[in-house]
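Reading through the structure tokens given below for one structure.
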Amino acid sequence: MSLYIKFNIEKSAANSDKNSGNKHESFFFSGEASIPSQGITGVYGASGVGKTTLLRLIAGLDRHQNTIVNFNQESWQNSQAFLPAHHRHAALIFQHRSLLPHLSVNKNLDFSAALGAKKSPEHLIQQLPDKTTLCQWFGIAELLPLAINKLSAGQSQRVSIVRALLSKPKVLLLDEPLANLDAESKVTILNYLHKISLEYDLPMLYVSHSLDEITQIADHLLLISRESDSNVSKSIIEAFASLDDASCNLNSAFAALPEASAILKCKIKQHDHKHGLSKLCLGETSLYLQKMALAEGTEIKLRVPARDVSINLEHTCTSSILNILPATIVEIKQLSDAKVIIKLKIGQQFLLSTITLKSLLALKLNVGQAVYAQIKSIALPAHNFISHHFE
Amino acid sequence: MSLYIKFNIEKSAANSDKNSGNKHESFFFSGEASIPSQGITGVYGASGVGKTTLLRLIAGLDRHQNTIVNFNQESWQNSQAFLPAHHRHAALIFQHRSLLPHLSVNKNLDFSAALGAKKSPEHLIQQLPDKTTLCQWFGIAELLPLAINKLSAGQSQRVSIVRALLSKPKVLLLDEPLANLDAESKVTILNYLHKISLEYDLPMLYVSHSLDEITQIADHLLLISRESDSNVSKSIIEAFASLDDASCNLNSAFAALPEASAILKCKIKQHDHKHGLSKLCLGETSLYLQKMALAEGTEIKLRVPARDVSINLEHTCTSSILNILPATIVEIKQLSDAKVIIKLKIGQQFLLSTITLKSLLALKLNVGQAVYAQIKSIALPAHNFISHHFE
Amino acid sequence: MEDTTYFLLSLQNWQALWLSIKLASVSTFLLILLGTPLAWWLHNSKHKSTTVIEAIIALPLVLPPTVMGFYLLLAFAPDTWLGFSWLNLTGEPLAFSFSGLVLGSLIYSLPFVVQPLQTAFSGIDQHYLESASTLGISPRARFFSIVMPLSRYGFLTAATLGFAHTLGEFGIVLMIGGSIPGETLVSSIAIFQHVETLEYTEAHTLSAILIVGSFSMLLFIYGLNKKYRYRTL
Amino acid sequence: MEDTTYFLLSLQNWQALWLSIKLASVSTFLLILLGTPLAWWLHNSKHKSTTVIEAIIALPLVLPPTVMGFYLLLAFAPDTWLGFSWLNLTGEPLAFSFSGLVLGSLIYSLPFVVQPLQTAFSGIDQHYLESASTLGISPRARFFSIVMPLSRYGFLTAATLGFAHTLGEFGIVLMIGGSIPGETLVSSIAIFQHVETLEYTEAHTLSAILIVGSFSMLLFIYGLNKKYRYRTL
Amino acid sequence: QDAETNPTLKPATELTIAVASNFRHTLIALLKDYRQSPVLKDKVISASSGQLFSQIQNGAPFDIFFSADRQRPDRLEQLGLTDPHSRRTYAVGQLALWINPNFKHQLNKEQQALSNLSLLKSLTAENLPKSTVLALANVKAAPYGYAAKTLLENLQIWQLWQPLVVQAGNVAQVYQYVESGNVSLALLSLAQLKLAQVPESEYETVPAELYTAIDQQLVILQAAKNQIAAQAFVDYLKTPKAHSIISRSGYNLPYSDSSGKALH
Ligand SMILES: Nc1ncnc2c1ncn2[C@@H]1O[C@H](COP(=O)(O)OP(=O)(O)OP(=O)(O)O)[C@@H](O)[C@H]1O
Ligand SMILES: Nc1ncnc2c1ncn2[C@@H]1O[C@H](COP(=O)(O)OP(=O)(O)OP(=O)(O)O)[C@@H](O)[C@H]1O
Ligand SMILES: [Mg+2]
Ligand SMILES: [Mg+2]
């Protein structure tokens with residue numbers, strides 16, 4: 001069960017202004033990847049690197065030559081055949097507005113249900129939540145009677161997501177769907193997207209410029225980067241990894257990013273109402289976090305950014321840092337001339353910490369050494385957990 | 001020299017689907033604010049709160065009743081008069097694409113220069129950088145010959161900004177201009193925007209959902225929030241403050257936000273090439289940061305997020321945290337049942353730190369107490385400085 | 001025969017008026033029915049050969065209508081394949097019949113329908129269609145639920161131009177219709193006859209009724225359109 | 001008189017053809033010149049009264065052209081204010097003059113220009129204009145640099161329909177022009193006369209030249225349009 | 001006074017002549033004969049008599065108006081738009097019955113043997129082939145149409161034929177119907193059939209006494225730029241030369257002028 005793509009695209013600059021510039025400004029993009037069709041795959045890359053191009057290729061909106069797209073058992077595109085977009089049910093949420101301006105929000109939502117989905121019920125492995133629920137989740141319930149041109153940018157993004165979900169897609173392709181949303185709405189929506197992907201078994205490709213977002217939500221990662229050889233520069237799909245694995249592997253491209261994070265599986269042990277904290281148990285040790293609106297006993301996945309973890313040789317009681325966990329250094333890797341990343345083992349799990357080379361040298365840290373990992377509770381916002389329960 | 005606005009808007013839901021919903025879904029938005037017409041004013045608010053509405057009002061695209069807009073000595077709108085948009089020269093960069101699809105990037109840039117600006121040269125207080133420079137700064141030099149429909153979302157955002165700048169506006173209104181940009185480009189562009197605002201004395205209103213972005217770039221802040229009384233909910237301009245002041249004032253609405261930060265003015269003392277660090281002097285003490293590409297002696301403004309600062313009663317040498325600064329507690333304020341914010345004095349400047357209530361109680365911190373502020377060098381990314389020199 | 005007047009007009013003139021409305025309605029209906037797919041196809045096709053078809057569609061306009069009518073009449077004769085097959089299929093000759101009029105109007109008014117539709121189609125943002133297709137909406141459903149409502153102004157223009165032009169069309173109708181009362185004698189011919197025979201009162205009355213009627217209809221349609229232009233459906 | 005033929009056609013027919021092209025060109029030029037601001041105004045005005053004007057513009061279509069011509073002739077007479085003021089201003093009567101023909105064509109072809117333009121205008125995204133206005137571009141400059149290029153397909157349609165329709169227009173031209181050779185005898189009338197007087201060869205030749213000429217022109221224009229449709233200017 | 005032999009009498013001024021479509025050819029032939037040299041460019045404007053009438057009424061710059069009937073010149077005279085006493089009949093139209101050979105084939109041998117007119121009379125509701133069509137000029141607006149209608153009335157077969165009649169805008173268009181092959185029978189002007197060189201076997205001239213005479217009259221217009229030149233041409237029409245051209249074209253010669261007096 002996977003989404004397999006292989007392509008080699010050249011977009012020529014032919015159709016543009018003839019007066020200025022040379023003819024070698026074509027855009028090249030090639031790659032091959034196989035993405036598990038479960039969970040959320042984050043797609044990351046700089047602006048103009050080809051993320052939208054990739055999603056359009058998967059959705060079947062552009063027909064490039066020498067391209068192979070297979071989804072599970074179905075062949076969507078190969079040298080002989082090309083399955084048109086409306087038969088793929090790969091709902092794409094565009095970066096720009098694509099809601100129908102002549103219909104109200106409500107009718108936009110009913111649109112795909114009324115015209116599309118009824119014809120292909122056989123693929124509906126899962127029954128997604130109904131319209132009312134989705135509208136509630138995505139905070140658009142009051143917008144239903146409004147005309148599309150009355151919506152703010154963030155509102156139309158949310159409506160687009162719900163509209164796409166109501167079309168009962170086989171896969172959801174999201175092109176920076178939360179770019180125009182405030183942090184608070186973002187968290188809510190990320191959580192619901194994750195929930196939907198998990199509980200209703202709907203695979204998603206999630207394009208974002210924010211690795212924070214991606215590490216919060218994604219299970220897998222697709223990195224697109226630009227490579228220059230001679231005078232043509234070319235986009236390639238550079239890395240593909242399970243995000244959980246990536247977070248434990250200092251050699252993955254992911255660890256080099258400023259947003260590198262570790263994923264910890266913990267259980268909510270107890271709420272400390274007096275201090276507004278939740279106590280999580282992590283193997284033998286405990287962690288304090290700002291109070292979560294989850295029942296005691298719930299298991300969660302906690303994302304801990306490496307840059308928020310510092311290392312201390314001793315267990316000090318004079319620091320405001322609440323979480324001081326005994327850990328063992330497993331691996332050390334230099335990332336730049338200033339930065340090193342350290343992989344720490346805490347019980348059966350791993351934590352990452354980026355510190356300066358200077359500190360590493362000053363503290364004389366070595367693999368195998370027992371240290372204390374310090375995590376500021378405040379640095380872990382209340383929304384930094386990923387899911388309510390595990391697969 | 002200021003931009004003064006006062007308005008009371010009601011957008012009725014009249015023109016929408018009649019079948020569903022009640023008629024009381026109108027959108028209300030009122031406020032009064034006076035924004036210094038120097039520097040960058042961040043505009044922050046949740047999705048759909050009225051940020052775009054505000055910018056359109058200032059630009060003169062919508063004509064609401066009972067509205068007053070004054071820019072410096074000019075009256076742009078009052079009960080009698082309404083200065084049309086093209087006479088205001090308040091260049092608005094839209095959230096969605098607004099580049100002309102029938103022209104190449106290059107011609108889009110020349111567009112306003114060719115048609116607009118030449119007619120009103122008298123307002124040109126400053127001479128902005130020329131096209132070539134701007135294209136370089138915003139990384140669109142290679143895109144010039146391309147057709148607009150070939151651009152990626154982030155590319156067209158950058159082109160829009162340059163186009164707006166080339167129109168030689170009196171004020172620049174940016175509606176989430178960097179929503180579709182990756183972190184790296186974002187930093188570059190934020191820096192250039194700040195530079196332009198400063199060196200060329202061009203005021204800007206910068207709408208963003210990312211307080212991180214706003215605190216990085218803005219000098220002033222406009223908070224728009226939604227207030228519900230009885231059954232109508234209404235957007236209001238809640239707070240307006242100089243961001244520098246806000247960062248020192250624990251009672252400002254800004255301090256309550258998770259992105260609360262302090263601004264420190266420092267000077268680059270020395271580059272430590274061996275460890276890839278830069279040493280900054282901050283009054284008497286020193287700070288280490290990842291190496292910056294700036295000359296020694298340069299003065300910079302450093303943004304230090306409150307959540308990245310922890311407090312220690314002692315100066316430990318066993319921690320990987322490099323920056324441990326002696327400080328005095330000036331003020332303590334509880335933000336929620338879990339969080340407190342602490343204002344620290346370091347030399348003549350102030351630093352903020354958010355810690356848990358639990359730590360506060362455990363360490364028995366009090367106003368006037370001498371403590372050590374700990375700042376992870378790694379937590380301060382290389383781009384977290386604001387400007388190259390001060391006014 | 002034309003002595004008795006019923007409400008301003010003689011029976012024959014009422015009949016002519018009715019025929020005109022019938023002809024215009026049927027033609028407009030067929031024009032939209034045929035013109036819509038044609039215009040959509042022309043709009044979407046990137047192939048050069050369609051330019052030829054676009055040009056051919058506009059050609060009937062450049063000939064004087066009576067002459068066009070004469071050429072059509074030649075084509076309608078039972079010894080041509082068109083006239084012959086029509087006679088075989090329907091048992092009626094095409095010339096001097098209502099069907100012939102309709103066919104003539106179709107050919108002559110096609111550009112007034114196809115071109116505004118193409119103009120309207122070219123104003124539709126491709127992204128709406130692409131977005132819908134990824135939601136599983138078939139091309140046909142996309143056309144009906146997106147293209148048609150978004151180009152409704154073009155349809156309105158096409159229909160009004162088509163209808164009004166058929167109402168007023170005279171040269172072709174005179175030629176291929178043969179002015180048979182109750183069958184092909186439409187109001188434009190009736191007015192023409194009245195003017196030619198110096199029956200100015202009748203001519204003016206019929207013109208006035210035609211104008212007032214059309215004006216009210218146009219006012220109604222445009223009013224409706226204006227009302228809904230800034231409005232969600 | 002009509003004996004000598006120069007390149008297929010008699011002198012008079014060449015003259016008629018030239019007159020037709022002149023009439024169509026002048027009319028199309030004026031139609032676009034007048035129709036553009038009119039259509040833009042109608043498009044932008046949200047007031048109800050403009051509906052009346054929209055309806056009035058389409059009205060000339062519903063009358064048979066000869067009858068329309070008859071009414072125009074009445075309006076052009078020197079004892080009406082129009083005819084009188086024209087006579088005073090130019091010293092020439094309006095009826096049976098080239099100017100009269102132009103005026104008649106303008107009135108009759110106006111809907112073919114105004115309506116496609118309105119259709120095209122309604123397809124333009126408002127944001128382009130708003131964005132430009134904040135860049136300090138005046139409404140007039142916005143119109144020329146944004147509205148016009150973005151609705152070029154509408155202008156093309158308007159111009160072709162206007163031109164072709166004026167070329168083929170016959171009823172009005174016959175009536176108000178008086179078919180004076182070299183002055184108001186345009187090719188449509190010439191063809192008509194040839195057919196009426198059984199000079200089929202001349203009629204067919206002239207028709208063929210008109211059709212081939214128009215076809216080439218349309219092919220060229222549409223071809224150009226197609227080429228540039230998917231392309232930056 | 002023959003223009004040909006006495007060139008000094010020929011006024012050297014071009015004429016603008018409005019002529020009913022059916023007489024256009026004959027007029028051009030007459031003009032050609034009248035002007036021996038092609039130096040002058042007379043303008044011949046042809047349209048239906050009704051249209052020309054409307055135009056004259058509204059100040060069209062014509063010198064002479066050759067109508068296809070007598071009503072319109074008469075009316076113009078009453079309106080005072082003509083040179084008084086200039087109105088006269090210049091030709092008398094002849095009606096001919098043309099029958100489509102294809103139509104004839106549908107009939108029985110007996111009928112086929114009949115002359116056109118007898119054949120017309122022999123046709124009854126019973127033996128009329130399906131979709132028979134009789135083409136006339138517009139019975140209200142066109143003189144030939146009106147004459148054709150009186151013919152059918154006189155033969156007392158109008159009731160039978162009325163439903164089968166198709167009307168062309170004018171008599172010239174009736175011939176286009178004939179030419180296109182869409183009609184079975186047609187009543188039209190002999191002049192056109194002659195001009196088109198239709199085989200004589202296909203048509204028969206209808207005796208003048210069977211229908212209302214088609215007196216084609218002319219008037220010199222008040223507004224004429226050159227009354228003398230116009231008068232000179234009108235005078236030429238009375239010459240035997242002109243008469244022969246007119247009758248050769250398929251018209252009867254006028255036997256009376258406007259006052260009804262015999263010319264010859
Ligand atoms: N015809 C063309 N010639 C040259 N380059 C082209 C052409 N068409 C597209 N491109 C380039 O292809 C890239 C398209 O990238 P795409 O839209 O997929 O970017 P993206 O990764 O989605 O960026 P963003 O995050 O800014 O939306 C752009 O760099 C664009 O300049
Ligand atoms: N006619 C109307 N009736 C009711 N509400 C309306 C109407 N027109 C606009 N609105 C509301 O006004 C608000 C417009 O907000 P605006 O576009 O200014 O938001 P924004 O702050 O820019 O949001 P975003 O960050 O998502 O772009 C939306 O909440 C919208 O629902
Ligand atoms: Mg993109
Ligand atoms: Mg907005």
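Residue numbering restarts at 1 for every chain, and letters A, B, ... go by the order of the sequence lines.
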Pick one of side chain, backbone, both or neither for E:Gln71, based on which atoms fall under 4.5 Å of a heavy atom in chain C. neither
Return yes if some donor-acceptor pair links the side-chain N/O of E:Asn182 with the main-chain N/O of C:Phe96 below 3.5 Å, else return no. no
Measure across [X] and [Y] and return the closest heavy-atom pair with its distance rounded to 0.1 Å.
{"X": "C:Ala77", "Y": "E:Ser180", "result": "CB-O, 3.1 Å"}
{"X": "E:Ser54", "Y": "C:Tyr200", "result": "OG-OH, 4.2 Å"}
{"X": "C:Met175", "Y": "E:Tyr177", "result": "O-OH, 2.7 Å"}
{"X": "C:Ile180", "Y": "E:Val165", "result": "CG1-O, 3.5 Å"}
{"X": "E:Glu179", "Y": "C:Leu74", "result": "O-CD2, 4.2 Å"}
{"X": "E:Lys140", "Y": "C:Thr197", "result": "O-CG2, 2.9 Å"}

Could you go through C:Leu174 and E:Gln173, starting from their C-alpha distance and side-chain angles, then the distance that decides it, and tell me whether this counts as side-chain contact (heavy atoms from CB on, under 4.5 Å)? CA-CA 10 Å; C:Leu174 179 70; E:Gln173 288 175 0; 3.7 Å; yes
So does [X] have more than 12 non-hydrogen atoms from other groups sitting under 6.0 Å from [atom1]?
{"X": "E:Tyr146", "atom1": "OH", "result": "no"}
{"X": "E:Gln197", "atom1": "CD", "result": "no"}
{"X": "E:Gln112", "atom1": "CD", "result": "yes"}
{"X": "C:Trp18", "atom1": "CH2", "result": "no"}
{"X": "C:Phe98", "atom1": "CZ", "result": "yes"}

Based on non-hydrogen pairs under 4.5 Å, which of C:Gly177, C:Gly178, C:Pro93 is most in contact with chain E?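 Of the options given, most contacts go to C:Gly178.
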Which answer fits C:Phe170, side chain, backbone, both or neither, if we ask what part of it has an atom under 4.5 Å from a heavy atom of chain E?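 For C:Phe170, no heavy atom lies under 4.5 Å from chain E.
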What part of C:Tyr71 gets closer than 4.5 Å to chain E, counting heavy atoms only: side chain, backbone, both or neither?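 Nothing of C:Tyr71, per the 4.5 Å heavy-atom cut-off to chain E.
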I'd like to know whether C:Leu73 forms a side-chain contact (heavy atoms from CB on, under 4.5 Å) with E:Gln176, so could you lay out the CA-CA distance, the side-chain angles of the two residues, the decisive distance to 0.1 Å, and finally the verdict. CA-CA 9 Å; C:Leu73 218 45; E:Gln176 291 171 41; 5.6 Å; no
Taking atom types as modelled and ignoring hydrogens, do the side chains of E:Ser48 and C:Glu196 form a donor-acceptor contact shorter than 3.5 angstrom?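 Checked: E:Ser48/C:Glu196 side chains pair up, N/O donor to acceptor below 3.5 Å.
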